[in-house]
Visitor: 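Here's a structure for you.
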Amino acid sequence: MATTTTEATKTSPTNGEDKQSQNLRHQEVGHKSLLQSDDLYQYILETSVYPREPESMKELREVTAKHPWNIMTTSADEGQFLNMLIKLVNAKNTMEIGVYTGYSLLATALALPEDGKILAMDVNRENYELGLPIIEKAGVAHKIDFREGPALPVLDELVADEKNHGTYDFIFVDADKDNYINYHKRLIDLVKVGGVIGYDNTLWNGSVVAPPDAPMRKYVRYYRDFVIELNKALAADPRIEICMLPVGDGITICRRIN
Ligand code: SAM
Ligand code: CA
C-alpha cells in the first residue's frame with residue numbers, strides 16, 4: 001500500500017486536510033459511501049421500495065405528505081427495512097416510541113403475526129388519528145395499544161413490574177432525542193436477550209460530524225449533542241451489539257446480548 005495513503009489514515013482530519021488526502025483515507029478503509037447521488041436514492045425507491053410498498057402504506061405516506069410536520073415521517077425505504085427486520089427476528093411483542101401519523105407503526109403492524117402486539121406511545125393523539133382510519137382499513141389496528149402521553153412514565157411503570165422484564169422482541173425509538181439515553185436505561189431491561197432496539201435519527205441530519213460553528217437549523221443544533229452522546233453511550237455499552245445503518249437519517253440497531 002502506498003506510503004502516502006497509509007499516512008493519510010494515521011492523521012486525524014484537520015481543517016487543513018486537503019480533499020485528495022480525505023478521499024484516500026475514505027477509500028483505504030473501504031467506507032466509500034454507496035449513495036453517490038440523489039438519483040441513486042431515487043433508483044432505490046423506484047426499483048425496490050415503491051413497487052413493493054403495500055397500498056395502505058402508500059396511502060398513509062400520501063396523507064402524511066400533506067401534513068405540515070411531514071418532515072418527521074419515516075421514509076419509505078426505512079419503512080421497508082423495519083418491516084423486513086421485524087419479520088427476520090420473528091417479533092411478536094413490540095413497542096414504538098414516537099408515532100406521529102403512524103407510517104413506521106403501520107410498517108410494524110403489517111409485519112407482525114395476527115396475534116402480534118405494539119405498545120405505541122406519543123404525546124400527540126391527533127396525528128395518530130390522522131393515520132388511524134388507514135391502519136384500520138388495513139386490518140391491523142387490533143395489534144396496536146396506543147397510549148397518549150410522554151413515554152418515560154409508561155416505561156417506568158413497566159420496569160417497576162419484573163414480569164415485564166425481557167418481554168419485548170423489538171422496540172423502535174423515534175421520539176424526543178434528548179430522552180434517548182433515559183429510554184435506553186429502561187428499555188435494556190424490557191427487551192429480551194436477543195431482542196432488538198432501533199434508535200432512529202442517529203446521524204441527525206449529518207450534524208454529528210459538523211463543526212460546532214456550522215450553520216444549522218435551531219432544532220438540529222439543540223438535539224445534536226444529545227445524539228452524539230447517545231452514539232458514544234451505545235458504542236460503549238457491553239450489554240448490546242450495535243450496527244449503525246445509513247438508512248433514512250441513520251438508525252442504530254442494538255441487539256441485547258446479556
Ligand atoms: N415514527 C414516526 C413515523 O414513522 O412517522 C415519526 C415520529 S416523529 C419523528 C416523533 C414523535 O415523537 C412525534 O409525533 C412527537 O409527538 C413524539 N414525541 C415527542 N416527545 C415525546 C415523548 N416524550 N413521549 C412520546 N412521544 C413523544
Ligand atoms: Ca425518525
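Every number for a ligand or one of its atoms is a count from 1 in the order of the listing. These numbers come from the heavy atoms of this one structure, side chains and all, not from hydrogens, waters or symmetry mates.
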Visitor: Counting from 1, what ligand 1 atoms have a heavy atom of Val99 closer than 4.0 Å?
Guide: 2 (C), 3 (C), 5 (O)
Visitor: Starting from atom 4 (O) of ligand 1, which protein heavy atom do you reach first, and at what distance in Å?
Guide: Thr74 OG1, 2.6 Å
Visitor: Do me a favour and list the nearest non-hydrogen protein atom to atom 10 (C) of ligand 1 with residue, atom name and distance?
Guide: Asp174 O, 3.1 Å
Visitor: Less than 4.5 Å apart, any side-chain heavy atom of His67 and any of Asn127?
Guide: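 Yes, side chains in contact.
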Visitor: Would you say Thr101 and Thr64 are linked by a side-chain donor-acceptor pair, where the criterion is simply a distance under 3.5 Å?
Guide: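 Checked: Thr64/Thr101 side chains pair up, N/O donor to acceptor below 3.5 Å.
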Visitor: Any nitrogen or oxygen of Ala151, side chain or backbone, less than 3.5 Å from one on ligand 1?
Guide: yes
Visitor: Would you say the side chain of Leu187 lies within less than 4.5 Å of the side chain of Met95, judging by non-hydrogen atoms?
Guide: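 Heavy-atom side-chain distance check passes, below 4.5 Å.
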Visitor: I'd like the name of whichever of Leu106, Thr73, Asn182, Asn70 reaches closest to atom 5 (O) of ligand 1 through any heavy atom.
Guide: Thr73
Visitor: Do His184 and Leu234 have side chains that get closer than 4.5 Å, going by heavy atoms?
Guide: yes
Visitor: Among the N/O/S atoms of Asp200, which is closest to the Ca ion (ligand 2)? Give the atom name.
Guide: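 Output for this pair reads OD2.
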Visitor: Near Tyr183, which atoms of ligand 1 are under 4.0 Å from a heavy atom of that residue?
Guide: 22 (C), 23 (N), 24 (N)
Visitor: Counting C-beta onward and ignoring hydrogens, is there a side-chain heavy-atom pair between Glu96 and Asp174 closer than 4.5 Å?
Guide: no
Visitor: Is Asp249 close enough to the Ca ion (ligand 2) that one of its N, O or S atoms comes in under 3.0 Å?
Guide: no
Visitor: Nearest to atom 14 (O) of ligand 1, what protein heavy atom do you find, and at what distance?
Guide: Asp122 OD2, 2.7 Å
Visitor: Counting each atom of ligand 1 from 1 as listed, which ones have a heavy atom of Gly149 under 4.0 Å away?
Guide: 24 (N), 25 (C)
Visitor: If a pair satisfies ring-ring contact (aromatic ring centres under 6.0 Å, His included) and one of its residues is in residues 132-174, list it, with sequence neighbours excluded.
Guide: Tyr128-Phe146
Visitor: Is there a side-chain contact between Asp145 and Ile118 (heavy atoms, below 4.5 Å)?
Guide: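 The answer is no; the side chains never approach within 4.5 Å.
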Visitor: Verify the distance test for Asn201 against the Ca ion (ligand 2): any N/O/S atom under 3.0 Å, yes or no.
Guide: yes
Visitor: So, Ser207 and Asn205: side-chain donor and acceptor under 3.5 Å apart, yes or no?
Guide: no
Visitor: Does ligand 1 have any atom sitting under 4.0 Å from a heavy atom of Asn127?
Guide: no
Visitor: Identify the protein heavy atom lying closest to atom 21 (C) of ligand 1, giving its residue, its atom name and the separation to 0.1 Å.
Guide: Asp176 OD1, 3.6 Å
Visitor: From the N, O or S atoms in Asp174, identify the one nearest to the Ca ion (ligand 2).
Guide: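 The atom in question is OD1.
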Visitor: I'd like to know if Glu59 and Lys137 make a salt bridge, using a cut-off of under 4.0 Å between side-chain N and carboxylate O.
Guide: yes
Visitor: Decide, yes or no, whether a salt bridge links Glu62 with Lys66 under the criterion of side-chain N to carboxylate O below 4.0 Å.
Guide: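 Looking at Glu62 and Lys66, the cut-off is not met.
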Visitor: Do Ile97 and ligand 1 have an N or O pair less than 3.5 Å apart?
Guide: no
Visitor: For ligand 1 and Asn179, I'd like to know whether there is a polar contact (N/O to N/O, distance under 3.5 Å).
Guide: no
Visitor: Could you check whether Asp77 and Tyr41, counting side-chain N and O atoms only, form a donor-acceptor pair closer than 3.5 Å?
Guide: yes
Visitor: Report the nearest protein non-hydrogen atom to atom 9 (C) of ligand 1: residue, atom name, distance rounded to 0.1 Å.
Guide: Met72 O, 3.3 Å
Visitor: Assess Glu78: does it contribute an N, O or S atom lying under 3.0 Å from the Ca ion (ligand 2)?
Guide: no
